[in-house]
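Notes follow once the structure below has been shown.
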Amino acid sequence: MMDIKIEKTTAPKAKPTDESKLGFGHIFTDHMFVMNYDAGKGWNNPRIVPYGDFPISPAAMCLHYGQEIFEGLKAYRTADGTIQLFRPQENYKRMNNSAKRMVIPEIDEEFMLYATKELVKMEADWVPHSDGTSLYIRPFIFATDPYVGVKPADHYLLMIILSPSGAYYSTGLNPVKIYVENQYVRAVRGGTGFAKTAANYAISLAGQAEAHEQDYEQVLWLDGVERKYVEEVGSMNIFFVIDGEVITPELTGSVLPGITRMSALEVCKSKGYKVSERRISIQEIADAYDNGKLDEVFGTGTAAVISPVGHLKWGDKVMTINNNEIGPISQMLYDTMTGIQWGKIPDKFGWIEKID
Ligand code: COI
């Protein structure tokens, strides 16, 4: 295992005092992890340094063609002060799948888990204490070669930054309003939908801006070919409960394979629910709604956790789900997932990785 060099800040920042106002992704801790990749040499010079701006060439390839990937996970503080991660191995496994698609050099998953733990350990005092808060961990890799031709780069930086955070949506656990996107598409099979890469998020902004104009929080993406089948929300995967059956779109290559998605499926199965990963059309959802069988809709994500959907708008049709209240399966999943993450209930799945 490579040694991580450590340079401590001489100017530690004041930590947020009012944890109810953390929001998501605005505040950053005192240190960050950095590592270089150079063709011929591989990943090298892992270090933890003071958090701060750094110089980059105006010709850096990531700025021009977006050769970039990222991950998102969280560190949670339990009642006895232990700090723990949720399935971090899955994040680094997915990062390597994203890396392959974007022709970025793969990372050593075990080393990255070690580096993440070392950084979080150093910043332990930044892990917030209040209910529902956590330290969001953002690892990312980007191409740095100064070159404006299109090719895979020879030089990359990998960084991990940390952000004490509360709820992703300003509504907290209150149901979100989602609008079915009919004009734009997010991803197609063979594209990059399954990879956690910047472009998938940039592409979502036009739809999101229109949703915001209509007072909706996010858009629900349909498949890029037939524009009939539901895919995901972009900031989260999507689930429907129809007549007691828990349904989420199958992973066809254009949907992000969410770790919360996978865990929610396992929790539902363990509780004996009928669970399906399959194609589901927006028409089927509208029909279920008309027949009074659309029991619940919710999103899953590391940032979003379990987010109930209260309104779903498709064209002129506005569906109000479960009276705009969190439903029983969404609540059960929220309680189980956050219970495991914050150490309030036993982790019978073996998902927790403690930081000691
Ligand atoms: C996450 O849930 O961690 C993500 O990366 C989604 C992002 C929109 C915050």
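In each ligand, atom 1 is the first atom listed, and ligand 1 is the first ligand listed. The basis for the numbers below is simple: all heavy atoms, side chains too, and nothing from hydrogens, waters or symmetry mates. No experiment lies behind these values; they were computed from the predicted model shown.
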Within 45° cone of Tyr216 ring axis and under 6.0 Å: Lys177 NZ or CZ | yes
Within the 4.0 Å heavy-atom cut-off, what Arg138 brings close to ligand 1 is side chain
Looking at Tyr156 versus Phe142, is the centre-to-centre ring distance below 6.0 Å?
-> no
Tell me which protein heavy atom sits closest to atom 1 (C) of ligand 1, plus the residue, atom name and distance to 0.1 Å.
-> Tyr136 OH, 3.3 Å
Is the distance between the ring centroids of Phe298 and Phe240 under 6.0 Å?
-> no
Against heavy atoms of Ala303, which atoms of ligand 1 measure under 4.0 Å?
-> 1 (C), 2 (O), 3 (O), 9 (C)
For atom 5 (O) of ligand 1, what is the nearest protein heavy atom, given as residue, atom name and distance?
-> Lys196 NZ, 2.9 Å
More than 12 non-hydrogen atoms from neighbouring residues, nucleotides or ligands closer than 6.0 Å to NZ on Lys15, yes or no?
-> yes
Is it the case that more than 12 heavy atoms not belonging to Asp287 sit under 6.0 Å from its CG atom?
-> yes
cation_pi(Lys41, Tyr37) dist<6.0 Å, angle<=45 = no
Quick note on ligand 1: atoms under 4.0 Å from a heavy atom of Ser235 include exactly 8 (C)
Under 4.0 Å to a heavy atom of Phe70 - the qualifying atoms of ligand 1, by number | 5 (O)
Give the residue, atom name and distance (to 0.1 Å) of the protein heavy atom nearest atom 8 (C) of ligand 1.
-> Tyr168 OH, 3.5 Å
